Every structure is written in C-alpha cells, then in structure tokens.
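Note that the structure is a prediction, hence the values are computed from the model and not measured. Count residues from 1 along the sequence. Numbering of ligands and ligand atoms starts at 1, following listing order.
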Amino acid sequence: MIRAAITAVAGNLPETVLSNKDLEKIVDTTDEWIITRTGIKERRIEKDLNKATSDVAVPAVLELCRKRGISPEEIDLLICGTVTPDMMFPSTSNLICAKIGAKNAWGFDLTAACSGFIFGISTGSQFIMTGKYKKVVVVGIDLMTRILNWEDRSTCVIFGDGGGAVLLEPTEEEVGIMDFVLHADGNGGTNLNMRGGGSRFPASHDTVENKMHYVYQEGQSVFKHAIYSMAEVSADIMKRNNLKAEDITWLVPHQANKRIVDGTANKMGIGPEKVMMNIERYGNTTAGTIPLLLWDYEKQLKKGDNLVISAFGGGFTWGSVFVKWAYDGSKYGK
Ligand code: UT7
C-alpha cells in the first residue's frame, strides 16, 4: 500500500514582533487579559505592504526544497490553505509556483480557514496514494493582520501572520498520513466570517464604511463549538485507529486559544508535555499554525512517532489527521 509521508517541513515568519504591550497602545486591552484569556504574549506582523501571502510563503517552500534536495520543477501539485490570498484570483498557489519556478506543478487555494492545512494534507495525500503524483507541497499560511479591524479588541489581539509548508511523498513503509476525519458546517458562517469583497457584498463604499472587509467573530460561540468539536473529532480518530492516550507521542492542535488546547488535551487524557504549543509567540495564524508547530518541533520528532493533528475554524470546518512521522527530525530541525 502506498501512503503519503511528510518528508520535509519549513516555515516562515515576518520579522516584526507585536507584543501585548504594543497592543495596549492601540486598543483598550491589557497584557494580563490577553495572556489569561488566550495564552498569547506576542505575534508577528508583516509590516511591508509590498509583501503579500505568496511572498511570505515562497521562502518556506524554497527551504522545503532545499532541505529535501529537490528542484521546484519536481513539484507536481501545490495546495495553499489560506483565507488571506494575495487576491481573489489568480490563486496564491499559482503565484507561489510562478515565483519559485515550479513550472510543472498545478495547484489551487483551499479555503477552510484554520482547518486549511489539515484539509490540504488530507487532499494532497490522495494524489500520492493513488500513485498519480510523487511530490505534493501543502502550504498553510495567512497574513491575518491584513484583515483585522484594529479598533476591535476582541479580534485584533488574537491573530498574527506567518505559516509553513510540508512536502508529501510516497512511501510503502508503515508511516505517513494514516487516517483523517474532516467535517464542515456552513451554518457556522454567521459566527466567524469576512463578509465583504465576494459576490454577495462586492467591495463598495458601504462595505468599507461598515467594516465588512475585516474578520468578524462571535468569540464565545466559536469557543464553545471549537472546544467540543476538537475534542470529539480527536476522540473519533483515536477510536478508529485503536489509539490510547499513551500511544500518542504528540497532539498537534490548532493554536486559537490556549484554553481550547488545554480543554482538548484534557478530554483526550494527554498531558501538557505531549502537546505542541507556540501560541504565546505567534498568536493565531489561522492556516499557518500547524505547519509552524511541526517546523518548531521538527528536531524532537522521531520516525514512527504518533501525531494527532486537530483543528477547528471558520466555516465551521474541523477535523483530525493521524500521522506516523516518517523521519528522524533531529538532523533537520532548527
Ligand atoms: O481560530 C479560529 C477559531 N477561533 C477561535 O477558536 C476563537 C474562539 N474564541 C476565543 O478564543 C475567545 O472567545 C476570545 C479570546 C475571542 C474571547 O475570550 P472570552 O473569554 O470568550 O471573552 P468574551 O468575549 O466573553 O469577553 C469577556 C469580556 C468582555 O467584557 P464584559 O462584557 O464582560 O465587560 C469583553 O468586552 O472581555 C472583554 N474583552 C476584552 N478585554 C480586554 C474582549 N476582548 C478584550 C480584550 N482586552 N482584548
């Protein structure tokens, strides 16, 4: 049986750090409130307005190729999970491919908000498992600060910019993407969205005046759905694969709120030492959080480690992916 293995991971973050203290000067908030309610201490922000999502993705994808010793021309397919594409079209995937010279690849953007990366690796894995492709790149990246209302303290303190990418390649070993469970419920669109700029509310003076080109979130409602759904879908993937809490080497949870992560881990019976976390440094980078976690923890990952990757986000979208890590990360991690 052919499986899709993650054979390399890379990330990229803008250099500028925006701390909670900096935010205290912009909106009516405090460092203490943000840390207590979310776990975030600082986030990155791409201040250079000449740089869009594809520009921040390019160094990550090139680093991926360098780490694996392949040329961009060898990439068959590039899927980009993002809700902050450079523009409505062409796709950010196409722009990344053009910039890196991946001239033999096709690709598309995948709109699943915080679940963009797990939807992306699940989709990409199918092209590998059928034998159709040998090299699929999945990017998860967002420049959330480009769609934040800096007068809305309930959203502008949560999000940050950045993301990463993985390479999927075929393997016949007992490693790789072993299983996934994905869900979506468009009814959740009323709780978390950006309404302006599409065919329902094309950009106009009204949409700008009514702040419809910014993230809108009903925080408490999203929180309740997130904590319930992440725990439920993680339990589901464990049951389907006969995994007990002690079999899991790492829980890799989307980084929206430390309290959501803690609640999910608790329900799974997993201690904090087995939970990948970096929300304190990057905030919520939407589709970027999971590749950034894998990049940050790569050095600690060993071949055969059992990873349960879980996410919940706008859509609503949510799911879990069971991955058996395919290589010894100590040689490659930062
Ligand atoms: O990744 C995509 C999915 N998104 C999520 O999973 C996010 C889920 N939601 C959350 O993480 C949390 O709901 C938030 C972090 C967004 C908000 O935390 P909360 O504990 O649910 O706060 P709340 O909305 O219930 O607000 C509590 C209080 C309110 O004041 P009053 O009405 O009690 O006086 C807010 O106005 O906190 C106030 N508040 C703030 N105070 C200081 C809201 N934002 C802030 C802030 N600084 N930045």
Side-chain angles (χ1 to χ4, degrees), residues 18-43 81-84 110-119 140-145 147-163 183-194 214-234 252-265 267 276-280 282-293 309-320:
L18 188 73
S19 70
N20 292 348
K21 286 277 171 207
D22 296 329
L23 279 166
E24 286 181 0
K25 294 173 205 144
I26 302 173
V27 279
D28 180 16
T29 192
T30 60
D31 178 42
E32 203 244 327
W33 189 96
I34 302 172
I35 291 179
T36 319
R37 304 310 292 166
T38 70
I40 301 166
K41 292 181 181 159
E42 59 186 41
R43 70 286 293 140
T82 187
V83 289
T84 51
L110 198 157
T111 309
C114 305
S115 308
F117 181 76
I118 62 166
F119 278 29
I141 193 157
D142 273 296
L143 298 192
M144 292 303 289
T145 66
I147 57 168
L148 289 180
N149 175 1
W150 294 102
E151 292 172 355
D152 176 8
R153 66 178 183 172
S154 70
T155 51
C156 75
V157 305
I158 305 173
F159 294 100
D161 298 338
H183 297 283
D185 178 4
N187 293 309
T190 51
N191 299 121
L192 179 52
N193 57 49
M194 189 184 80
Y214 295 131
V215 175
Y216 168 81
Q217 176 170 251
E218 288 162 18
Q220 278 195 14
S221 175
V222 177
F223 186 95
K224 280 182 208 147
H225 280 95
I227 207 156
Y228 173 80
S229 304
M230 279 205 10
E232 191 187 51
V233 76
S234 304
V252 190
H254 169 55
Q255 307 281 289
N257 188 317
K258 185 172 185 303
R259 289 183 292 140
I260 296 174
V261 173
D262 291 347
T264 305
K267 284 199 179 152
M276 292 191 187
M277 285 296 284
N278 58 16
I279 192 170
E280 67 279 5
Y282 311 145
N284 182 353
T285 53
T286 303
T289 65
I290 290 168
L292 283 172
L293 281 174
I309 308 178
S310 299
F312 180 91
F316 292 142
T317 55
W318 68 103
S320 270

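- With 3.5 Å as the limit, one finds a donor-acceptor pair spanning the side chains of Asp142 and Thr82.
- Protein heavy atom in closest approach to atom 24 (O) of ligand 1: Gln220 CG, 4.2 Å.
- In His225, the NE2 atom is not crowded: 12 or fewer heavy atoms of neighbouring residues, nucleotides or ligands sit closer than 6.0 Å.
- Taking 4.5 Å as the limit, every side-chain heavy atom of Val157 sits out of range of all side-chain heavy atoms of Ile40.
- Across the listed options Cys114, Cys156, Ala226, Cys114 owns the non-hydrogen atom lying nearest to atom 2 (C) of ligand 1.
- Those atoms of ligand 1 that come under 4.0 Å of a heavy atom in Ala256, given as number and element, are 1 (O), 5 (C), 6 (O).
- Here the side chains of Gln217 and Leu192 are in contact, with some heavy-atom distance below 4.5 Å.
- Protein heavy atom nearest atom 1 (O) of ligand 1, with residue, atom name and distance: Asn284 ND2, 2.7 Å.
- A distance-only check finds a donor-acceptor pair linking the side chain of Glu24 to the backbone of Asp31 [under 3.5 Å].
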Derivation of the side-chain contact (heavy atoms from CB on, under 4.5 Å) call for Val83 and Met194: CA-CA 9 Å; Val83 289; Met194 189 184 80; over 6 Å; no
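- Within ligand 1, counting atoms from 1 as listed, the ones closer than 4.0 Å to a heavy atom of Thr38 are 15 (C).
- Residues Tyr216 and Asn149 are not in side-chain contact: their nearest non-hydrogen atoms beyond the backbone lie 4.5 Å or more apart.
- If you run side-chain hydrogen bond (donor to acceptor under 3.5 Å, both in side chains) between Asn20 and each of Glu42, Arg43, Glu32, Lys41, only Arg43 comes through.
- For atom 26 (O) of ligand 1, no protein non-hydrogen atom is found at a distance below 4.0 Å.
- Contact annotation for atom 29 (C) of ligand 1: protein absent (non-hydrogen atoms, distance under 4.0 Å).
- The main-chain N or O of Thr285 is never found under 3.5 Å from a side-chain atom of Thr289 such that the two would form a donor-acceptor pair.
- Protein heavy atom closest to atom 11 (O) of ligand 1, with residue, atom name and distance, is Asn257 ND2, 2.7 Å.
- Close contacts of ligand 1 with Arg259, meaning ligand atoms under 4.0 Å from a residue heavy atom, involve 18 (O), 19 (P), 20 (O).
- Within ligand 1, counting atoms from 1 as listed, the ones closer than 4.0 Å to a heavy atom of Arg37 are 20 (O).
- Scanning all protein heavy atoms for the shortest distance to atom 7 (C) of ligand 1 gives Gln217 OE1, 3.5 Å.
- Protein non-hydrogen atoms do not reach within 4.0 Å of atom 32 (O) of ligand 1.
- Under the 3.5 Å distance criterion, the side-chain polar atoms of Ser310 are left unmatched by any main-chain donor or acceptor of Ser234.
- Within the 4.0 Å cut-off (strictly below), a protein heavy atom is located near atom 16 (C) of ligand 1.
- Contacts between Ile260 and ligand 1, counted as non-hydrogen atom pairs separated by less than 4.0 Å, involve the side chain only.
- Atoms of ligand 1 lying under 4.0 Å from at least one heavy atom of Ile158, given by number and element, are 16 (C).
- Looking only at side-chain heavy atoms (C-beta outward), Val222 and Phe316 come within less than 4.5 Å of each other.
- The closest approach between a heavy atom of Val222 and any atom of ligand 1 is below 4.0 Å.
- Near Val157, meaning under 4.0 Å from one of its heavy atoms, ligand 1 places the atoms 48 (N).
- If you check each of Met230, His225, Lys224, Arg153 against atom 38 (C) of ligand 1, the one with the closest non-hydrogen atom is Arg153.
- Considering only non-hydrogen protein atoms, atom 9 (N) of ligand 1 sits nearest to Gly219 O, 3.1 Å.
- Of the candidates Phe316, Phe159, Phe223, Phe223 brings a heavy atom nearest to atom 8 (C) of ligand 1.
- The shortest N or O to N or O distance between Trp33 and ligand 1 is under 3.5 Å.
- Ile118 approaches Ser320 most closely through the heavy-atom pair CD1-N, 4.1 Å.
- Among all protein heavy atoms, the one lying closest to atom 47 (N) of ligand 1 is Thr29 OG1, 2.7 Å.
- Leu23 has its side chain within reach of Trp150: a pair of non-hydrogen atoms, C-beta onward, lies under 4.5 Å apart.
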